[in-house]
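Remarks on the structure that follows.
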Amino acid sequence: MFLLDIRYDPKKSTITKWIKDGTGCKPVREVCHPKIYVSSTGKDKHELQHLISSLPGVRGTCIEKKRTWLGSEPEEVLCATMDAGSIHDTASMLEAKGCGLYNIDLDPVRQYLLECGLFPMARFKGDSLDDHQYALDYEVPELTSMRLSVTPSRDKGIATMDDTILRIALEDTIIEGEDEAQIIERLSGEIAVSDPDILFTDRGDSFDMPYLYHRAALHGIELQLGREKDILPDSCGRSYFSYGRMLYKPGGFTLAGRLHLDTSSFIFREGGLPGMIDLARITGIPMQELSRLSPGSAVTALQVNQALRDGVLVPWKRNLAEYWKTALELLIADRGALVIEPKVGLHENVSEIDFASLFPNIMVNHNISPETVLCSCCPDSSHRVPFVHYNICQRHTGLIPRVLTPLIERRVEYKKRIATDPARAEEYEMKQNMLKWLLVTSFGYMGFNKARFGRIECHESITAYGREILLLTMEMADRMGFEILHGIVDCLWVKGHGAERLCELMTRKTGIQLELKGEFRWLVFLPNKSNGAGALNRYYGVMNNGKLKVRGIEMRRSDTPRVIRDLQEAMLGKLAQAKNASEFRMKIPETIGVLREHARKLLAGECIPADLVFETHVSRGSDDYKQFNNQAAALRQYLHEGIKIQPGQSIRYIITDHSSKRYQKRVKIPELADETTVYDRAKYYEYLLRAAESILLPFGYTERRLDELVKGKVQENLCKYMVTDNF
DNA sequence: ACGGCACGGGG
DNA sequence: GTGTACGTGCCGT
């Protein structure tokens, strides 16, 4: 028997556990009230307890000994068992009275699991747990799954909620017909009969699910896709700022007793089902919630779980959004990682070397955690952070290292098994990849002003150690006769032979694995187009195994139309045939030929609309754009069709007349395009030249020269002359 | 010239 | 329920 899913109903204060065994999946319910904690800070404890006991929604109170911050001694605090619906009002009132409040926004499901020592996908024997949360070898239930997708009639070209359902595909079954109500009823029937554990969709929360329930409601049908009456999301989604840009998260259509998983969600894409199950087990986050989260939330969950197990309460962070760094703080934070400007141009015999999980390893090796950096118990410690000279606790291992150490070890073990257990290599690869992402995000969280267990001094300390390690590596490389071409954060590009030796030496010296990522037959670092200096993260090259590595240029961007991507791929394809630098130079004229052919096709109007589409995420609503750009024009066009795009959602458009100030003329939404739609050839040609320039700029080819070459004003042999002269 | 707007990286 | 900051290119005013 396995714990497939678990959810909380705040109205009825009940936990429902969905237990799967050989015969099916059944709900087991129990009443459960979440707990909150209150510290009295100077007031009389018993008077406060008396007051809280009398508040509405409070089921009971008691006094417990807990730590109110990492590393502090346990003290007496009040614990109130609550109706979930009353928590926020009660907390606000007590906060206004000057009380400290804890565990306020802890999900009741996670509280419950932690208290019972349970976790998603855990195995039972009878009534008792027969599993271990952090086990590496565990049994996974045999899960049955079906893929669901809905096709709307697209009456206006673009899919809308007003379209009738054209067709529903449920795994191999196609449901279609004249009568929409019948289609919906048949879907319900098919799912009830097949009774799958998982329903896979492609972005089902964004379209398929809300659309299906909306159509069902129009016919007065109460659609049920879960194993019990569905609970629909009460909000239709929200936009939020993350990763430096606006994102949009639709309301989650999670089902009762059946897992609705989106195959294009980040966690599924990166970890697949094995990675997601592994992560659900160790974080204690149920599969359906987990599939809708970012790895940062998984990291937070691990930290919160560890803190709670240590008897530490989680402070309520209620004004999370209203905090901006001051200029001084920004100055401090700015002393980030080390960057060496790349040497622009073509290079041979280059090795890329890179420290594995540098920042997580630094946090573990140097015990970096909010309560250990600048701790008050060892102010005179000789263990100091380089450059900033903070003292670090020598007596206690911090929360962050205690969370990270098992993750690092788990990943190392999975990586080992990829090699030793080829039959399950793919599964272990997905699991280790998922863990890699947790490690990557664990660093950024330290400097994140909204993180529960973040602290800017930790962030600074980590980058300080990072700088020291990279500087040491550069010194060693220099002494061994390598030329340093470029370096960034945890990675160096060095010119010379025998980089393995350098890796071995530095691994031994730092205790962190320095890996030889690859040796390049040749490598081109590209200049910044505005000032000509070496651009960080813009380069391409061919490794010894023949694989092309490309970073930063147009073809790597998600908003680049296919025509541009195709051009760059074709040009680089030619260059990739070169075995060394001199062959590379000989290949350049061929890339001009490639450009000429692509340009001819484009200017002749032979490109198909699908290849011309720009797809971007909008950061604001249609009215909030200060400038009339392509995005604003496309948004207006969507709105004209009755479609409201939320900030963070993506739009698609083709440029039809880039200089036009009229939104209907400037761009065209591809679904609305017809035979009369004509793309802006001059503009796309300009983009084509720029994309070619991105690749060839170090060799003297500017956009203008490329234009002349394409149009045939300059002879090709002249450009050959230029090339050989360039080095 | 300068501000507005969007996207990247990792293995 | 939520990673930062920054580099880069291109566009509009």
Side-chain angles (χ1 to χ4, degrees), chain A residues 105 107 235 237-247 249 251-252 270 289 292-301 317 320-321 325 329-337 339 341 354 356-359 411 415 418 429-430 432-452 454 456 459-460 462-463 488-491 515 517-518 526-531 533-538 549 551-554 556-560 614-620 624-632 648 650-651 655 658-659 661 683 686-687 690-691 693-694:
Chain A
D105 36 18
D107 177 28
S235 67
R238 71 203 169 80
S239 301
Y240 62 96
F241 195 74
S242 148
Y243 232 108
R245 76 180 54 128
M246 248 7 239
L247 295 178
K249 180 170 179 166
E270 294 297 324
E289 278 76 45
R292 289 162 174 79
L293 295 178
S294 70
S297 316
V299 171
T300 306
K317 289 237 189 173
L320 293 180
K325 282 198 174 101
E329 284 174 308
L330 270 176
L331 193 74
I332 293 167
D334 200 30
R335 291 204 256 147
V339 174
E341 190 186 303
D354 166 336
S357 296
L358 177 66
F359 287 166
R411 178 160 181 247
K415 282 177 86 167
I418 292 171
E429 170 56 34
M430 289 191 267
Q432 80 80 18
N433 194 45
M434 200 65 258
L435 294 172
K436 182 206 75 191
W437 278 105
L438 292 200
L439 295 175
V440 167
T441 33
S442 64
F443 159 70
Y445 249 65
M446 300 263 33
F448 177 36
N449 58 24
K450 294 169 210 165
R452 283 175 195 286
I456 194 69
H459 197 274
E460 275 184 274
I462 297 161
T463 54
I488 186 161
V489 188
D490 56 357
C491 195
E515 293 172 346
K517 283 302 204 225
L526 294 166
N528 179 321
K529 278 190 179 179
S530 44
N531 63 19
L536 319 171
N537 297 332
R538 276 171 78 83
K549 182 164 182 176
R551 289 296 179 267
I553 63 173
E554 289 82 349
R556 294 284 300 180
R557 295 175 62 112
S558 63
D559 59 348
T560 300
F614 286 85
E615 182 163 354
T616 74
H617 295 260
V618 293
S619 59
R620 58 206 69 204
D624 303 325
Y625 275 85
K626 293 183 181 164
Q627 316 227 42
F628 181 69
N629 56 19
N630 292 337
Q631 287 93 312
S650 68
I651 57 166
I655 301 176
H658 195 258
S659 59
K661 293 272 173 280
K683 194 64 197 173
E686 192 183 318
Y687 284 132
R690 278 185 200 158
E693 187 198 61
S694 287

Return whichever of A/Lys626 or A/Glu693 has its heavy-atom-nearest nucleotide of DNA chain C closer to the 5' end. A/Glu693
Apply side-chain contact (heavy atoms from CB on, under 4.5 Å) to residues A/Lys529 and A/Arg690 and explain how you reach the verdict. CA-CA 10 Å; A/Lys529 278 190 179 179; A/Arg690 278 185 200 158; 4.1 Å; yes
Using the side-chain heavy atoms of A/Asp559, tell me which of these nucleotides is nearest: B/dC7, B/dC5, B/dG4. B/dC7
When you check the phosphate oxygens OP1 and OP2 of C/dC11, does a side-chain N or O of A/Lys683 lie under 4.0 Å from one of them? yes
Taking the side chain of A/Asn433 as its heavy atoms from C-beta onward, which of C/dC11, B/dG11, B/dG4 lies nearest to it? B/dG11
So which nucleotide from B/dC7, C/dT8, C/dT13 ends up closest to the side chain of A/Phe628? C/dT13
Do A/Ser659 and A/Lys683 have side-chain N/O donor and acceptor atoms under 3.5 Å apart? no
Can you identify which nucleotide, out of B/dG4, B/dA6, B/dC7, has its nearest atom closest to the A/Ser558 side chain? B/dC7
Counting only side-chain heavy atoms from C-beta out, which of C/dC11, B/dC5, B/dC7 sits nearest to A/Arg690? C/dC11
Can you figure out which of B/dC7, C/dG9, B/dG9 approaches the side chain of A/Arg538 most closely? C/dG9
Assign A/Tyr687 to base, sugar-phosphate, or nothing according to its heavy-atom contacts below 4.0 angstrom with the strands shown. sugar-phosphate
Using side-chain heavy atoms (C-beta onward) and a distance below 4.5 Å, is A/His658 in contact with A/Asn630? yes
Looking for any heavy atom pair under 4.0 Å, which part of the strands does A/Ser694 touch: base, sugar-phosphate only, or nothing? nothing
For A/Asn528, answer base if it contacts any base atom (sugar-phosphate contacts may also be present), sugar-phosphate if it contacts only those atoms, and nothing otherwise; contact means non-hydrogen atoms under 4.0 Å. sugar-phosphate
If you look at every strand shown and take non-hydrogen atoms under 4.0 Å, does A/Glu429 touch a base, only sugar-phosphate, or nothing? nothing
Counting the atoms with a prime plus P, OP1 and OP2 as sugar-phosphate, which does A/Arg292 contact under 4.0 Å by heavy atoms, base, sugar-phosphate, or nothing? nothing
Candidates B/dC7, C/dG7, C/dC10 - which lies nearest the side chain of A/Lys529: C/dC10
Categorize A/Asn531 for me: base, sugar-phosphate, or nothing, with a 4.0 angstrom heavy-atom threshold over every strand shown. nothing
Taking Watson-Crick (N1-N3 plus N6-O4 or O6-N4) and G-U wobble (N1-O2, O6-N3), each under 3.5 Å, can you produce the dot-bracket string of DNA chain B? Use [ ] for crossing pairs and | for inter-strand ones. ||||||||...
Out of C/dT8, B/dC7, C/dC11, which has the shortest distance to the side chain of A/Leu536? C/dT8
